[in-house]
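Single-structure report; data block below.
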2 protein chains.
Amino acid sequence: MAGDRAASWQSIRDTIMLRIRDRTYPPGELIPNEADIATEFGCARATVNRALRDLAEAGFLDRRRKAGTRVIEAPQRKATLDIPQIRREVEARGQAYGYRLLARATGPAPEDVRARLRLPEVEETLYLESLHLADGAPHMFERRWVVLRTVPAIAAADLAAVNPNEWLVREAPYTHGGMEFHAEPAGAAAAALGCSPTDPVLVMERQTWLHEAPITYAREHFAQSYRLCLGL
Amino acid sequence: MAGDRAASWQSIRDTIMLRIRDRTYPPGELIPNEADIATEFGCARATVNRALRDLAEAGFLDRRRKAGTRVIEAPQRKATLDIPQIRREVEARGQAYGYRLLARATGPAPEDVRARLRLPEVEETLYLESLHLADGAPHMFERRWVVLRTVPAIAAADLAAVNPNEWLVREAPYTHGGMEFHAEPAGAAAAALGCSPTDPVLVMERQTWLHEAPITYAREHFAQSYRLCLGL
DNA sequence: TTGATTATTATGTGCAGACATATACCCTGC
DNA sequence: GCAGGGTATATGTCTGCACATAATAATCAA
């Protein structure tokens, strides 16, 4: 008997986890069914269910009706990234956050932006260029296109006071989106970032949708010192 | 009454989510307690609990005993990244995965590696240099240090056949770790990647621990075409 | 006013039982 | 041998109830 007393779902989860680690339950193998585990721990099946569900969500178990519960062979662990909210990130490091709106214009979405947002037709967009500062030094240079049909309210927003991302997060919730990172020479962003056009910078591209309606596409160039951190 | 019939926890979750979106439950405000919601939907409190717990885990609600359930002001949405397992990533794109072990040596951990792994003293490490290929073309160049005290078994592993990451994932599970991304010139990795030393490349640094024992530190240089993708 | 104690309350967790649902597996008929 | 259908089974979910726990709010004492 593993849990002599007070089998909480966490303690069951931890025990099962240990057994996965020490190969009592080997990779790829089935583990006992919920009812049996419940008997072993002297608890209700619901409690075991809670424990196993948690491990499955964490990516260590594969559960299927009738088939049973199997230990994942190569635990595809997920890293979670708290989506960079520039201001927070800067302030969390104890630096003063600053923001400057460099350009603002309205016009049709360029070809590459339309492709990113899966826009079949040319649409009016609000184009924004902004620079985000940490302790006065350039930290991130952003170019952003916002689809006016989806978010008409942004036309009236005071984006010199609130940065576009924060405005959108508050006023235009999204249902899904995507991000991509790659490295490229600073190029046109060099001037704003105060580096050489050939210096490597980290570029983040990001799109969001509200159901099928495209909201925004942003292309953010980070200063060289920036490191994107994720926890495992 | 929102759910006239068959209130599953998912349908309750979705309904609550809609109310958060349309500001029926405004940001920062308390939402009704579980018992009231259960009454509204005509279901048991446990079902509501399941729904709200899910939304809390997804980062939309803040729940505290006695205090109640509150809508998060700035939904710090989490992006999840399935930790790059090179082989999978390459094969998922329909390309042939290849791997070559370029160097293998044993010796004390260099200063910067020790810092990364929070190693107070000099320790013996296995140093590995490897190149990962996609359809024969260089895709990622990796330098890795493995702490032999924590993972002695790797000394006997055939790392020409299995890549170090896959071996470690299977044989040396970790409890926690971290990843960082930044951009830098290819430098010494240029030769292996077949690019110019000044070309920008995406660098991933990664460390893992088993409880307090450091396992490995890896520094991976990705080919220029590589893009790190995350879903929101 | 301040600090400690107690009551109240919303969420967290547990149990037993029931039914729902997906699906692996066997059995049948061709 | 193979396709199709039926069945057994393991997980998924819900209910109604109970008690645990955390934390606010109220009360009381110094």
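Here is the naming used below: chain letters follow the sequence lines, and residue numbers restart at 1 for every chain.
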Query - Polar pair under 3.5 Å, donor/acceptor by atom type, side chain A:Arg45, base D:dG12 - result: yes

Query raised in the report: Hey, does the side-chain of B:Arg65 have a donor or acceptor N/O within less than 3.5 Å of a partner on the base of D:dT21?
Result: yes

Query raised in the report: Toward the 5' end of DNA chain C, which comes first, A:Arg64 or A:Ala44, by nearest nucleotide?
Result: A:Ala44

Query raised in the report: When all nucleic acid strands are considered with a 4.0 Å heavy-atom cut-off, which category describes B:Ala46: base, sugar-phosphate, or nothing?
Result: base

Give the nucleotide from the list [options] with an atom nearest to the side chain of [X].
| X | options | value |
| --- | --- | --- |
| A:Asn33 | D:dT11, D:dA23, C:dA22 | D:dT11 |
| A:Lys66 | D:dC14, D:dA10, C:dA16 | D:dA10 |
| B:Thr47 | D:dT11, D:dT15, D:dT13 | D:dT15 |
| B:Arg63 | C:dT8, D:dT9, C:dT11 | C:dT11 |

Query raised in the report: With side chains defined as the heavy atoms from C-beta onward, is the minimum distance between A:Leu159 and A:Leu126 less than 4.5 Å?
Result: yes

Query - Test item: B:Thr216 and B:Gln207 side chains (from C-beta on) under 4.5 Å apart, heavy atoms - result: no

Query - Residues, nucleotides or ligands: over 12 heavy atoms within 6.0 Å of B:Arg227 CZ - result: yes

Separation of atom [atom1] in [X] from atom [atom2] in [N], rounded to whole Å:
| X | N | atom1 | atom2 | result |
| --- | --- | --- | --- | --- |
| A:Leu55 | D:dT11 | CG | P | 13 Å |
| B:Asn49 | D:dC14 | CG | C1' | 13 Å |
| B:Glu34 | C:dT13 | CD | P | 11 Å |
| B:Ile12 | D:dG12 | CD1 | P | 19 Å |
| A:Arg50 | D:dC14 | CZ | P | 14 Å |
| A:Phe41 | C:dT13 | CZ | P | 17 Å |
| B:Trp9 | C:dT21 | CH2 | C1' | 15 Å |
| A:Arg53 | D:dA10 | CZ | C1' | 15 Å |

Requested in this report: Give a yes/no on whether any side-chain N or O of A:Gln10 is located under 4.0 angstrom from OP1 or OP2 of C:dT13.
Outcome: yes

Requested in this report: Respond yes when some side-chain nitrogen or oxygen of A:Thr69 is under 4.0 Å from OP1 or OP2 of D:dA10, and no when none is.
Outcome: no

Query raised in the report: For the residue pair A:Tyr226 and A:His139, does the interplanar ring angle fall in the parallel (under 30°), tilted (30 to 60°) or perpendicular (over 60°) class?
Result: perpendicular

Query raised in the report: So, B:Arg87 versus B:Tyr97: side-chain donor-acceptor pair below 3.5 Å or not?
Result: no

